[in-house]
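Note: hydrogens, waters and symmetry copies are ignored here, and every other heavy atom, side chains too, is used. Numbering starts at 1 and runs along the sequence shown. Atoms within a ligand are numbered from 1 in the order they appear, just like the ligands themselves.
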Amino acid sequence: MRRFTGTVMLLFLAVFCTGCSFGWKKAGESADRQSEPEPAEDLIVVGFSQVGAESDWRMANTVSVRTALTEQNGFYLIFEDAQQKQENQLKAIRSFIMQEVDYIVVAPIVETGWDAVLQEAKDSGIPVILVDRETDAPKDLYTCWIGSDMRAEGERAGEWLADYLQEQGRGDEEIRIVTIQGTMGSSAQVGRTEGFANVMADHENWNMLAMQSGDFTQAGGQEVMEVFLDTYEDIDVVVCENDNMAFGAIDSIHKAGLTCGPNGDIILLSFDAVRAALEAMKAGEINAVFECNPLQGSLLARAVKALEAGEVLEKKQYIEETYFDADMDLESILKTRAY
Ligand code: GYE
């Protein structure tokens with residue numbers, strides 16, 4: 001097993017990093033980073049290309065990885081924030097290859113466009129672990145994937161809505177739905193959209209008026225909801241493909257003089273189940289949230305250690321997930337939430 005040596009690091013710093021927007025030398029922190037102690041020879045060096053910092057979920061995911069891949073636990077983590085741009089992820093992965101890290105970890109922003117760079121990693125003999133979102137890359141180009149079943153999340157949301165409408169005596173009514181989608185082409189968006197559509201296919205009375213991306217951000221959710229409210233009358237349901245877009249949607253709904261949640265004008269569904277969403281649900285603004293668990297750090301650390309020990313891992317490792325709705329004891333649930 002190769003290890004990241006001080007010589008390689010210094011060579012990389014000298015040759016490749018001058019003026020780059022990624023890597024060791026970042027604006028305003030070059031001096032600090034360069035004077036950091038070199039990784040000890042026995043640490044496992046992991047380069048992690050994170051999507052960005054677009055949502056509460058993402059922040060919790062970053063904290064989880066940073067907390068698990070510490071020097072105390074035997075890791076040296078090189079963290080790169082791609083600021084929601086695939087080109088930055090491609091650059092980061094190539095820099096990891098040049099730095100001869102031991103493992104490359106990627107949360108791929110979208111599903112497509114990874115074959116060439118993953119082939120380069122494979123040719124360099126560096127194992128790649130994918131986390132969070134999936135890709136359509138050939139399976140032999142990565143070692144394993146750890147994340148959520150986004151399609152199952154979407155189906156869970158559709159099934160919850162069907163049961164809820166039935167209970168409300170609205171099972172046969174025309175139901176006018178809009179969806180605020182996540183980053184287009186991300187497996188989180190594709191899976192949640194398709195999962196919900198699978199359930200919708202069984203309900204002829206559900207009418208999807210429009211779907212538009214809010215890019216998983218609060219500002220995006222707010223803008224898209226504003227357009228929906230200007231364009232369509234009588235929206236019964238808003239499906240927000242993450243919590244932060246739901247927060248933005250709630251603002252727009254209020255601004256339009258409407259209400260949402262169990263006692264409101266509009267049924268609001270969301271995905272992730274971050275603390276602020278459960279609090280918003282407790283305050284009566286959201287009907288249900290479909291959990292997506294960002295706490296992947298310890299699974300990732302375990303996977304790397306298992307690979308170090310020569311174990312062969314399952315190609316796909318799904319994290320268990322549930323849902324929460326306004327009828328539950330949210331006070332108690334909030335006490336147990338880690339994110
Ligand atoms: O739902 C969203 C984040 O890929 C599951 O990305 C993740 C999604 C999550 O921005 O909040």
Side-chain angles (χ1 to χ4, degrees), residues 48-65 81-86 88-89 105-112 114 129-136 145-157 179-196 211-224 238-250 268-281 286 288-297 299-300 316-324 337-339:
F48 175 33
S49 170
Q50 175 61 293
V51 168
E54 73 283 3
S55 64
D56 290 16
W57 188 99
R58 186 66 52 199
M59 308 304 273
N61 182 247
T62 294
V63 169
S64 170
V65 172
D81 175 341
Q83 301 184 351
Q84 293 250 70
K85 291 199 178 76
Q86 186 177 29
N88 289 343
Q89 292 203 292
V105 178
V106 189
I109 179 158
V110 287
E111 291 182 324
T112 56
W114 300 99
I129 299 176
L130 302 177
V131 292
D132 168 23
R133 301 181 185 170
E134 297 189 63
T135 75
D136 66 355
W145 168 88
I146 300 166
S148 306
D149 187 339
M150 316 283 184
R151 194 164 283 98
E153 291 173 5
E155 282 171 357
R156 207 168 287 136
T179 298
I180 309 180
Q181 294 172 294
T183 301
M184 295 309 288
S186 67
S187 71
Q189 174 273 313
V190 173
R192 289 168 186 170
T193 301
E194 283 181 9
F196 191 83
M211 295 199 266
Q212 200 176 310
S213 175
D215 213 13
F216 283 130
T217 67
Q218 179 159 347
Q222 188 184 331
E223 276 166 38
V224 172
V238 185
V239 180
C240 301
E241 287 184 354
N242 86 343
D243 287 337
N244 289 77
M245 296 193 299
F247 305 149
I250 292 169
L268 200 140
L269 308 183
S270 180
F271 293 88
D272 283 355
V274 297
R275 173 167 291 278
L278 294 180
E279 274 159 4
M281 192 153 67
I286 297 180
V289 277
F290 303 90
E291 187 185 41
C292 184
N293 191 338
L295 306 180
Q296 296 163 352
L299 294 175
L300 175 60
K316 286 191 169 194
Q317 299 182 33
Y318 287 102
I319 295 178
E320 264 192 46
E321 290 164 345
T322 182
Y323 73 92
F324 304 97
R337 289 307 271 176
Y339 57 95

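Protein heavy atom in closest approach to atom 1 (O) of ligand 1: D272 OD1, 2.5 Å. In terms of protein heavy-atom proximity, atom 7 (C) of ligand 1 is closest to D132 OD1, 3.3 Å. Among all protein heavy atoms, the one lying closest to atom 8 (C) of ligand 1 is R133 NH2, 3.7 Å.
Every atom of ligand 1 with a heavy atom of S55 under 4.0 Å away is listed here by number and element: 2 (C), 3 (C), 10 (O), 11 (O). Near E54, with a cut-off below 4.0 Å to any heavy atom, the atoms of ligand 1 are 3 (C), 6 (O), 10 (O). In the vicinity of F216, heavy-atom distances shorter than 4.0 Å reach the ligand 1 atoms 2 (C), 10 (O). Close contacts between ligand 1 and A188 involve ligand atoms 4 (O) [criterion: under 4.0 Å to a heavy atom]. Under a 4.0 Å criterion applied to the non-hydrogen atoms of C292, ligand 1 contributes the atoms 5 (C). Residue-ligand proximity, M150 to ligand 1, at heavy-atom distances under 4.0 Å covers atoms 5 (C).
The CD atom of E241 sits 8.0 Å away from the CE atom of M184 when rounded to the nearest 0.5 Å. Once rounded to the nearest 0.5 Å, the distance linking CD of Q86 with OG of S186 reads 11.5 Å.
Remark: ligand 1 and R192 share an N or O pair separated by less than 3.5 Å (distance only, no angle test). Between W57 and ligand 1, no pair of N/O atoms sits closer than 3.5 Å.
A donor and an acceptor atom, one from each side chain of D136 and T112, are nowhere located under 3.5 Å apart. A donor atom on one side chain and an acceptor atom on the other are found under 3.5 Å apart for N61 and Q296.
Looking at R337 and E291, a side-chain N of the basic residue comes within less than 4.0 Å of a carboxylate O on the acidic one, giving a salt bridge. Checked for salt-bridge contact, R58 and D81 miss the test: no charged N lies under 4.0 Å from a carboxylate O.
Judged purely by atom type and a 3.5 angstrom limit, Q222 has no side-chain atom pairing as donor or acceptor with the backbone of Q218.
Between W145 and Y318, the ring planes are perpendicular. Angles over 60° get that label, and only those under 30° would be called parallel.
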